[in-house]
2 protein chains.
Amino acid sequence: MFELDMRSRKPIYEQLVDKLKELIINDILKPDEQLPSVRTLAQELTINPNTIQKAYRELEIQGFIYSVKGKGSFVNPIDMKKDTEKMDSVKKELEKLILEALYLGIPADDLIKLIKDLNASKGGGESND
Amino acid sequence: MFELDMRSRKPIYEQLVDKLKELIINDILKPDEQLPSVRTLAQELTINPNTIQKAYRELEIQGFIYSVKGKGSFVNPIDMKKDTEKMDSVKKELEKLILEALYLGIPADDLIKLIKDLNASKGGGESND
DNA sequence: TAAGTGTACTATTATTGTTAGTACAGTTTG
DNA sequence: CAAACTGTACTAACAATAATAGTACACTTA
């Protein structure tokens, strides 16, 4: 389920946060789906449960999951009304990256196409059935 | 010239890298323009010259500046032929952020407009004279 | 009660960020 | 050559952080 780079300078818990965010964003982990428990995942990855918990706690702060004592941790369904702050911060990050891309000489049209493609693959997967 | 947040968890040298990248990308620091020397900037910001050097070294690795012993550090003119690797990595980062933005419910049209605006403000500043 | 969940601690070690100081190599100006 | 500037490369020390290890507690489910 995960591939961690123990030699990386990037902390393990940050790698975990990134991976899990990716799985959630790509809808591989569905809303309200239960994540592996801190102890289970720690055993699978042969790392310490505290490190898992740190990642889960961070994901909870960022609003991607929620945890219930005695039950487990679950994917948090997005709430567009509550998530305006996060939308703003993501937009700011996007601005910086877009400016960098333009600075490097990537055509604006390429970036626009990138968005269109990603947007299409997002909703497009539901055409079958 | 700079505003550093000493209380931030983000290392000072990383803040410096970000600020300088921003100045370069926004064309405030022009190609081949000389940056302040490590000692001068360290004195201005009342931080250690080693920290400045760490930032400059990182910027050199990333291709934004070049340094010449005895002369100084300078903004590196971009070379679209050489920078294909960096373009690819920026595109990958952009993909992740765009997916997150779409996941949060930001309309694709908003993102496209963002690109168009940034692209216009980039070249648009040269119409007057 | 037992076994599973998340959570909260303490302690310890390794790594990293930052400062401080010294030194060396190259450039420029006199 | 000398002086004053540049970048660069070290060592040493301290503070903060990442990660492990271990223990304990609260809650849920069977």
Side-chain angles (χ1 to χ4, degrees), chain A residues 1-21 24 29 31-77, chain B residues 1-21 24 29 31-77:
Chain A
M1 192 173 191
F2 297 98
E3 288 179 15
L4 296 177
D5 183 2
M6 310 305 283
R7 297 166 194 165
S8 168
R9 304 93 196 112
K10 180 175 244 179
I12 295 176
Y13 83 94
E14 280 189 19
Q15 293 184 46
L16 270 172
V17 168
D18 286 349
K19 294 278 183 189
L20 287 166
K21 266 171 74 169
I24 293 173
L29 291 175
D32 289 313
E33 179 173 343
Q34 184 165 10
L35 301 174
S37 78
V38 290
R39 291 175 180 81
T40 302
L41 190 51
Q43 201 168 10
E44 273 185 27
L45 303 176
T46 56
I47 59 180
N48 197 279
N50 291 333
T51 306
I52 308 287
Q53 201 219 336
K54 189 165 188 178
Y56 279 15
R57 186 165 160 260
E58 176 64 24
L59 284 167
E60 190 165 22
I61 291 174
Q62 290 189 25
F64 285 97
I65 71 173
Y66 63 92
S67 298
V68 183
K69 216 185 281 185
K71 298 194 69 173
S73 298
F74 307 86
V75 175
N76 203 9
Chain B
M1 192 172 188
F2 297 97
E3 287 178 16
L4 295 178
D5 182 2
M6 309 305 281
R7 297 166 193 165
S8 168
R9 306 90 195 113
K10 180 174 241 178
I12 297 177
Y13 85 94
E14 280 188 20
Q15 294 184 45
L16 269 171
V17 168
D18 285 350
K19 295 277 183 192
L20 287 165
K21 264 171 74 168
I24 293 173
L29 291 174
D32 289 313
E33 179 173 342
Q34 185 165 9
L35 300 174
S37 77
V38 289
R39 291 174 180 83
T40 301
L41 190 51
Q43 201 169 10
E44 275 185 24
L45 302 177
T46 56
I47 59 180
N48 197 280
N50 290 334
T51 305
I52 308 286
Q53 200 219 337
K54 190 167 187 176
Y56 279 14
R57 187 165 160 259
E58 176 63 23
L59 283 167
E60 188 165 23
I61 290 174
Q62 290 189 26
F64 285 97
I65 70 172
Y66 62 93
S67 299
V68 183
K69 216 185 284 185
K71 299 194 71 173
S73 298
F74 307 86
V75 175
N76 204 8

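Quick note on labels: first sequence line is chain A, next is B, and so on, each numbered from 1.
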Heavy-atom distance under 4.5 Å between the side chains of [X] and [Y], does that happen here?
X	Y	answer
A:Ile24	A:Lys21	no
A:Tyr56	A:Ser37	no
A:Lys54	A:Asn50	no
B:Phe74	B:Leu29	no
B:Ile12	B:Leu45	no

d([atom1], [X]; [atom2], [N]) in whole Å:
X	N	atom1	atom2	result
A:Asp5	D:dA19	CG	C1'	15 Å
A:Glu14	D:dA18	CD	P	7 Å
A:Leu4	D:dA19	CG	C1'	13 Å
B:Glu58	D:dT8	CD	P	13 Å
B:Leu35	D:dG7	CG	C1'	12 Å
B:Lys10	D:dA18	NZ	C1'	18 Å
B:Leu41	D:dT6	CG	P	11 Å
A:Arg9	D:dA19	CZ	P	13 Å

Could you tell me whether [X] contacts a base, only the sugar-phosphate backbone, or nothing, with contacts defined as non-hydrogen atoms closer than 4.0 Å?
X	value
A:Glu60	sugar-phosphate
A:Arg39	base
B:Gln15	nothing

For B:Ala55 and B:Tyr13, work out which heavy atoms get closest and say how close. CB-O, 3.7 Å
At a 4.0 Å cut-off to heavy atoms of chain A, the contacted part of DNA chain C spans C:dG4 to C:dC9
The helix from C:dT1-D:dA30 to C:dG30-D:dC1: angle between terminal helix axes, five bp per end, to the nearest 10 degrees, reads 30°
Is the phosphate of [N], meaning OP1 or OP2, less than 4.0 Å from a side-chain N or O of [X]?
X	N	value
A:Tyr13	D:dA19	no
A:Lys54	D:dA18	yes
B:Thr40	D:dT6	yes
A:Thr51	D:dT20	yes

How do A:Ser8 and A:Val68 order along DNA chain C: which one's closest nucleotide is nearer the 5' end? A:Val68
Using modelled atom types and a 3.5 Å cut-off, is there a donor and acceptor pairing between side-chain atoms of A:Gln34 and backbone atoms of A:Lys71? yes
Counting only N and O atoms by type, is there a donor-acceptor contact under 3.5 Å from the side chain of B:Gln15 to the main-chain atoms of B:Asp5? yes
Taking CD in A:Gln43 as the centre, count heavy atoms belonging to other residues, nucleotides or ligands within less than 6.0 Å. Is the count above 12? no
Matching residue for A:Phe64 among A:Val17, A:Val75, A:Asn76, A:Leu59 - test: side chain to side chain contact (heavy atoms under 4.5 Å, CB included): A:Leu59
Nearest to the side chain of A:Asn48 - D:dA19, D:dA21, D:dT8? D:dA21
Considering heavy-atom distances to DNA chain D, does B:Ser37 or B:Arg57 have its closest nucleotide positioned more toward the 5' end? B:Ser37
